[in-house]
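Let me begin by presenting the structure, written as structure tokens, before commenting on it.
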Amino acid sequence: MTIKDEKLYIVMVGLPSQGKSTIAYRLQDIFKKNDIPTMIYNNGELRRRYAPTETWMSEFYNPENTEAVDLRKHFALMNIQRAKAYLRNRGMVAILDATNVSRSRRQLIEEHLQDHPILYIECINNDEDIVDLSIRHKVRSPEFGSLTQEQAVAEFKKRIDYYRLIYNPLHVERNYILMDSLHNRIVNEQIEDQLPLYSRIRDCLVTDVVKSLYLIRHTESMYNVEDRIGGDPDLTERGREQARALGRFFRKKRLAYIFTSEKKRTIQTAEAIRAEQEDCEIVPLREFNEINAGICEGMTYDEIQRFKPDIHSARKANKYTYAYPGGEGYATMKERIKIGIKKAFFLNQKPDNIMIIGHRAVNRMILSHFLYRREDDVPYIYVPQDKVYHIVATQDRKVFELKKYA
Ligand code: F6P
């Protein structure tokens, strides 16, 4: 193709739980905001609509099960035809969201879609924790209703193994991008045609777009009252009441996930918020655990000053780079916090509200990820327990608000 086409097919490629749909939604969202009519065609949705009873079983994905192979091909063709009709009419971009891991499936697509260029986006995510969390989320769908969670997870993993058998990475295709979908990094690309919207797509793929992030510090804990650091204390009665107030504050905002640390005080805060939501999952991530104060865990600031004066003064002299003996410092937390943020964005598939409930030091690091702050100032960012940070950071909008919730 030499003439620059105006319309485009985007074909997602990758095993289940690699972040394909998240990327498809992100692209659709950015195009729609720019008045570029875009539709996503998801094979899984057709399968669940037209063959809901038999398609949760891993056997349905066995490449030797010819009947099932035909049925899956049939659904793929339905979406191919729909995508084609859409671009023939008012559509500008049609996204085919399915595994499309075999060369033969991609040949089928290419045979039918010759009217506009095709850009393949292959997603790879090797983080086992995330794949696991994402599978656990997927098996909450009604199609697995007859199984226990463990059985459903096992079925889903077998399904992935069947897809692995027929996996053919992109190579001969004319236009493709290979994405590390957890880190929003382009690992490889090959573009032979002049593609419309290419630089916008590329930009969208590598940008952390935050449509609406609510960042909260857990409410009052037993240790807060005593001015103790670290540990794993419960909330106080006042903290529980604050958490219920948060629940009421967020009642009308849909939250698919609440990301917390593994500590009780963040999970208890999240539980009170979830109680006011319809379908919301709490996901504890170790990356959001509070700064590990090493040998000072459980001490008060006053005790540290009296009994460990060297630690007190060294930390005071350089709070950002100082690491507690046997523990961490702000600087050493940076990488894990970044990974936590990536995980949260990866799992939050549709671009709706994200909530993170963290701790004082953790939230400072998260804030510094979105806000420019000199390193020396990061350990002093204001992180109150009675207010909520609301952050929006898209290509055309930046919002940073601190709101009182009660
Ligand atoms: O006091 C609560 C707390 O979250 C502690 O667990 C943690 O060590 C501290 O805040 C972090 O704040 P700073 O770096 O200012 O000591």
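What you are looking at is a predicted structure, and each value in this text was computed from that prediction instead of being measured. Whatever order the structure lists them in is the order used to number ligands and atoms, beginning at 1.
Checking Asn353 against Ser212 by side-chain atom types alone, a donor-acceptor pair falls below 3.5 Å. No side-chain donor-acceptor contact under 3.5 Å links Tyr389 and Arg217. A side-chain N or O of Glu59 and one of Asn62 form a donor-acceptor pair less than 3.5 Å apart.
Below 30°, between 30° and 60°, or above 60°: for Tyr257 and His137 the angle between ring planes is between 30° and 60°, a tilted geometry.
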Does ligand 1 have any N/O atom under 3.5 Å from a protein N/O, and what are those pairs and their distances?
unit_1, atom_1, unit_2, atom_2, d
ligand 1, 1 (O), Arg360, NH2, 3.2
ligand 1, 4 (O), Glu290, OE2, 2.5
ligand 1, 6 (O), Gly230, N, 2.7
ligand 1, 10 (O), Arg360, NE, 3.2
ligand 1, 10 (O), Arg360, NH2, 3.4
ligand 1, 12 (O), Arg360, NE, 3.3
ligand 1, 14 (O), Arg315, NH2, 2.7
ligand 1, 14 (O), Tyr330, OH, 2.6
ligand 1, 15 (O), Lys319, NZ, 2.6
ligand 1, 15 (O), Arg364, NH1, 2.9
ligand 1, 16 (O), Tyr301, OH, 2.6
ligand 1, 16 (O), Arg315, NH1, 3.0

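In terms of heavy-atom proximity, Arg336 sits nearest to Glu290 at NH2-O, 3.6 Å.
Ring-centre distance between Phe259 and Phe288: not below the 6.0 Å cut-off.
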